[in-house]
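These numbers were taken from a predicted model, which means no experiment stands behind them. Both backbone and side-chain heavy atoms feed into the values below; hydrogens, waters and symmetry mates do not.
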Amino acid sequence: MADLASEVIEVIAKQAKVEPAKVARETELADLNLESLDSIELVFALEEKFNIEIPFNANEANSAGISFTTAGNVIDAVAKLVDEQKSGKA
Amino acid sequence: MNRVVVTGIGVCAAPGKNAAAFAAGIKSGHSAIGPISIIPSEGLITKIGAQVLDFDPNAYFQSGKLALYDRCTQFALVAAREAIAQSGLDFRAGLGVRTAAIIGSGVGGQTTLDENYLRVYGQGAKRLHPFTIPKLMINAPCSHITMEHGITGPSFVVASACSSANHAIGVAFHMVRSGMSAAAVTGGTEAVFTFGTIKGWEALRVMAPDTCRPFSRDRKGMVLGEGAAILVLETRERALARGAEILAEIIGFGATSDAGDIVLPAVEGAAGAMAACLKEAGIAPDAVDYVNAHGTGTTANDATETKAIHMVFGDHARRLAVSSTKSIHGHTLGAAGAIEMAATILAMRGGFIPPTANFLAPDPQCDLDYVPNEARAGQIEIAISNSFAFGGHNASLAVKRA
């Protein structure tokens with residue numbers, strides 16, 4: 001799982017235009033100035049990279065049980081969706 | 001300055017394929033949003049929309065003409081025929097050159113674009129039908145209205161995404177008001193249901209999976225709709241002289257730009273458009289009875305628009321009726337302002353206040369009277385209708401009972 005975590009962090013860092021070392025599990029996306037279009041571009045980048053569908057709706061703080069508050073939330077959500085896809089549920 | 005009145009209304013939208021059926025649909029509060037069925041929904045995440053169902057183009061058009069008419073042109077022509085017939089104006093008897101045709105559309109011939117791209121990119125077609133370009137061009141609906149009715153004055157399409165139709169009606173209103181044109185055929189049209197377009201909307205992450213619940217708690221975003229509405233405008237003087245039935249009077253138009261975010265709305269821009277509209281109409285805020293809101297059902301729009309209404313109307317905001325008929329006919333994008341103006345005038349004439357359908361419970365950020373779920377009996381004397389577009393284009397129109 002460590003590989004996936006660092007890959008997700010790399011995607012987040014690229015979107016936020018910061019060094020990956022500046023992004024930890026506790027880092028809040030809002031503190032990276034990921035707002036509005038940035039956050040949906042991030043969702044798109046993650047879907048493309050991991051070939052998953054993230055049920056993210058900008059109108060809901062918590063779409064389908066997925067919170068996008070911290071980098072750790074994003075890592076956990078991607079890990080869960082990748083697992084589901086491997087087991088054929090996605 | 002001329003006073004400008006409406007003497008014809010035509011509608012072809014999800015709640016009804018003519019103005020009377022549409023008005024009954026709005027009054028019923030029954031949402032015309034349902035499962036997408038006019039295109040295959042396999043592969044779509046967004047599976048709901050407000051479609052013009054059972055629309056048979058052959059019932060309206062000769063097959064030779066249809067080869068040139070995208071679905072958005074078909075809707076516009078159907079609505080224009082109804083509006084012009086109601087007005088009783090004959091543009092071929094000399095009036096045509098003094099008449100403008102100003103139509104709003106967000107994108108234009110999306111079905112034609114989508115089908116033809118599929119052919120060349122997806123299916124390896126070596127050539128496309130020769131009418132591909134004249135059929136898909138965004139100005140086609142306007143051109144075909146001029147051709148079918150002999151309108152030879154100024155004509156063009158206004159594109160400002162979800163504000164297109166309000167801008168179109170506003171420009172047409174000013175043209176008649178100033179005397180540049182004696183009459184105008186104006187409104188908006190959009191036919192958004194293509195696979196490619198819906199995938200694009202899905203990617204914005206603003207589409208509701210359940211339904212459109214403007215201003216309500218637990219609203220989850222917008223729902224697309226399709227259709228057209230067309231108005232005939234003319235000087236009040238001309239309408240009175242020829243004994244035409246005056247349906248309503250357009251009294252003000254206000255427009256601003258946010259010059260901010262490409263998708264996020266701004267309170268100041270929205271408030272500025274409403275304030276400019278009231279100023280041009282020469283009315284105090286407390287003269288307004290009803291606001292047909294932009295009310296898309298997104299968290300951002302509805303909270304922002306509520307704040308903007310408070311800013312413009314002050315204490316009177318609490319006494320205003322505010323509703324979003326998008327809950328009934330969907331978000332028709334470039335046609336929205338026209339369909340919503342039609343809903344507003346028809347409600348004014350029908351003695352009711354249009355409801356906001358699908359309303360669950362009040363949201364702390366939205367604290368006005370949204371006329372939840374059921375139309376209310378009441379006489380609207382003066383209303384404003386708002387459109388606030390992606391790109392920060394804001395446009396409000398004011399209309400008065402005739």
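Environment of CZ in A:F44: sparse, with no more than 12 heavy atoms of neighbouring residues, nucleotides or ligands closer than 6.0 Å.
Both the backbone and the side chain of B:V206 come within less than 4.5 Å of a heavy atom of chain A. Of the atoms belonging to B:L204, heavy atoms from both backbone and side chain fall under 4.5 Å from chain A.
Legend: residues meeting ring-ring contact (aromatic ring centres under 6.0 Å, His included) with A:F68, ordered by chain and number and at least two apart, are A:F56. Remark: B:A338 pairs with B:A165, B:I169, B:A229 by the side chain to side chain contact (heavy atoms under 4.5 Å, CB included) rule, at least two apart or across chains.
Residue pairs meeting the side chain to side chain donor-acceptor pair (under 3.5 Å) criterion with at least one partner in residues 20-31 of chain A, sequence neighbours excluded, are A:R25-A:D76.
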Cross-chain donor-acceptor list, chain A and chain B, 3.5 Å limit, no angles:
residue : atom : partner : partner atom : Å
A:E47   : OE1  : B:R205  : NH2          : 2.7
A:E47   : OE2  : B:R205  : NH2          : 2.7
A:I54   : O    : B:R205  : NH1          : 2.5
A:N57   : ND2  : B:M207  : O            : 3.3
A:N57   : ND2  : B:K220  : O            : 2.9
A:A58   : N    : B:R205  : O            : 2.7
A:N59   : OD1  : B:T299  : N            : 2.9
A:N59   : OD1  : B:T299  : OG1          : 3.4
A:N59   : ND2  : B:V206  : O            : 3.3
A:N59   : ND2  : B:K220  : O            : 3.3

